[in-house]
Amino acid sequence: ERERERERERERERRREREIGAPTCFDTLVCAERMHTSSSSCSSFFQLLLFFSSLLLLVFLSQKGFWSDIAREFHWQKPWTDAAFHKYNYHRTKGKVEIAWFADGTTNICYNCLDRHVANGLGNQIAFYWEGNDPASHSTITYQELLDRVCRFANVLKSKGVKKGDPVAIYQPMILDLVVAMLATARIGAIHSIVFGGFSAHALSDRITDSKCRVLITAGEGKGGGG
């Protein structure tokens, strides 16, 4: 039954992609990016300024409507209910300080980044372009290839005892393996703590200790600054 529901959701996504209707907030953001890259005139700056001012007004007038439009662009195994759209407490005197969005909904960001595109027939399209410090050092990876690597690494993490909710430290240079590690961690429901690859061993140790990370994902070396 769960698999049938997922298939129905995929079909709804395909239908939405084919439909032509009023643009969502996400569509508007894409249009703004195109406008920014296609025009270099001074008027483009004011157009963008007006656009983002309009977005702020939309959020102010209807926070629920604005962010619900954004959230609907994602795949949800279980959609959220209006009652759980946004809950928060910023005052220590009123209980635990916390904030939650779409708390009773169920989704997986890795599925949204990879699986749904493969399911929609885009597995052979480029998912990520990597450029090294040396212009001659570059590579690409497709959605299907990236999904395969992420699944393998997710299994590695599980074999090390990492489970949903566990913090995982990632200390790597800007390489494709960093993307794989982030998505694999998110895929199994773990929490990644990314530490800048230029930080010292002491700074890394502090962050691992503070976040109580279960494992550390790192690399043998990293080259930067043209080195």
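All residue numbers in this chain count up from 1 along the given sequence. If you're wondering where the values come from, they're calculated on a predicted model, not measured in any experiment.
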About how many Å separate CH2 of Trp130 and CD1 of Ile141, when rounded to the nearest 0.5 Å? 12.5 Å

Taking C-beta and beyond as the side chain, do Gln77 and Thr107 meet within less than 4.5 Å on heavy atoms? yes

Strictly distance-based, threshold 3.5 Å: is any side-chain N or O of Asn112 a donor or acceptor partner for the main-chain N or O of Phe74? no

Under 6.0 Å from the CG atom of Asp210, do we count more than 12 heavy atoms belonging to anything else shown? yes

Do the two ring centres, one from Tyr111 and one from His75, sit under 6.0 Å apart? yes

Would you say the rings of Trp80 and Phe85 are close, in the sense that their centroids are separated by under 6.0 Å? no

Quick one, Val195 with Gln172, criterion side-chain contact (heavy atoms from CB on, under 4.5 Å). Give me CA distance, side-chain angles, the key distance, then yes/no. CA-CA 8 Å; Val195 182; Gln172 289 185 311; over 6 Å; no

Is the distance between the ring centroids of Trp76 and Phe102 less than 6.0 Å? yes

Between Leu114 and Val156, is there shared hydrophobic-cluster membership here, with clusters defined by ILVMFWY side-chain heavy atoms closer than 4.5 Å? yes

Out of curiosity, Thr140 OG1 to Glu131 CD, how far, rounded to the nearest 0.5 Å? 10.0 Å

Answer yes if Leu178 and Phe196 sit in the same cluster of Ile, Leu, Val, Met, Phe, Trp and Tyr residues linked by side chain heavy atoms under 4.5 Å apart, and no otherwise. no

Report yes if some heavy atom in the side chain of Val168 is under 4.5 Å from a heavy atom in the side chain of Ser193; otherwise report no. no

Any chain of hydrophobic side-chain contacts (each under 4.5 Å) joining Ile170 to Ile191? no

So how far is it from Cys113 SG to Met182 CE, rounded to the nearest 0.5 Å? 8.5 Å

Gln125 and Thr142: side-chain contact (heavy atoms from CB on, under 4.5 Å), yes or no, with the steps? CA-CA 5 Å; Gln125 289 195 13; Thr142 66; over 6 Å; no

Between Leu122 and Leu147, is there a shared hydrophobic cluster once you connect ILVMFWY residues whose side-chain heavy atoms come closer than 4.5 Å? no

Determine, step by step, whether His91 and Val97 satisfy the side-chain contact (heavy atoms from CB on, under 4.5 Å) criterion, reporting the C-alpha distance in whole Å, the side-chain angles of both residues, the deciding distance to 0.1 Å, and the verdict. CA-CA 6 Å; His91 304 284; Val97 175; over 6 Å; no

Short N-O contact, Lys212 and Asp166, less than 4.0 angstrom: no

Quick check against the 3.5 Å criterion: does Ser205 have a side-chain atom that pairs as donor or acceptor with the backbone of Ala201? no

To the closest 0.5 Å, what do you measure between CZ (Arg207) and NE2 (His202)? 9.0 Å

Excluding sequence neighbours, so at least two apart, what forms salt bridge (charged side-chain N to carboxylate O under 4.0 Å, His left out) with Asp104? none

Co-membership, hydrophobic cluster, residues Val179 and Tyr171, 4.5 Å side-chain: no

Contact check, side chains of Arg187 and Leu157, non-hydrogen atoms, under 4.5 Å: no

Listed once per pair and sorted, the salt bridge (charged side-chain N to carboxylate O under 4.0 Å, His left out) pairs that draw on residues 80-89, sequence neighbours left out: none

Once you measure the plane-to-plane angle for His117 and Tyr143, does it fall in the parallel (<30°), tilted (30-60°) or perpendicular (>60°) bin? tilted

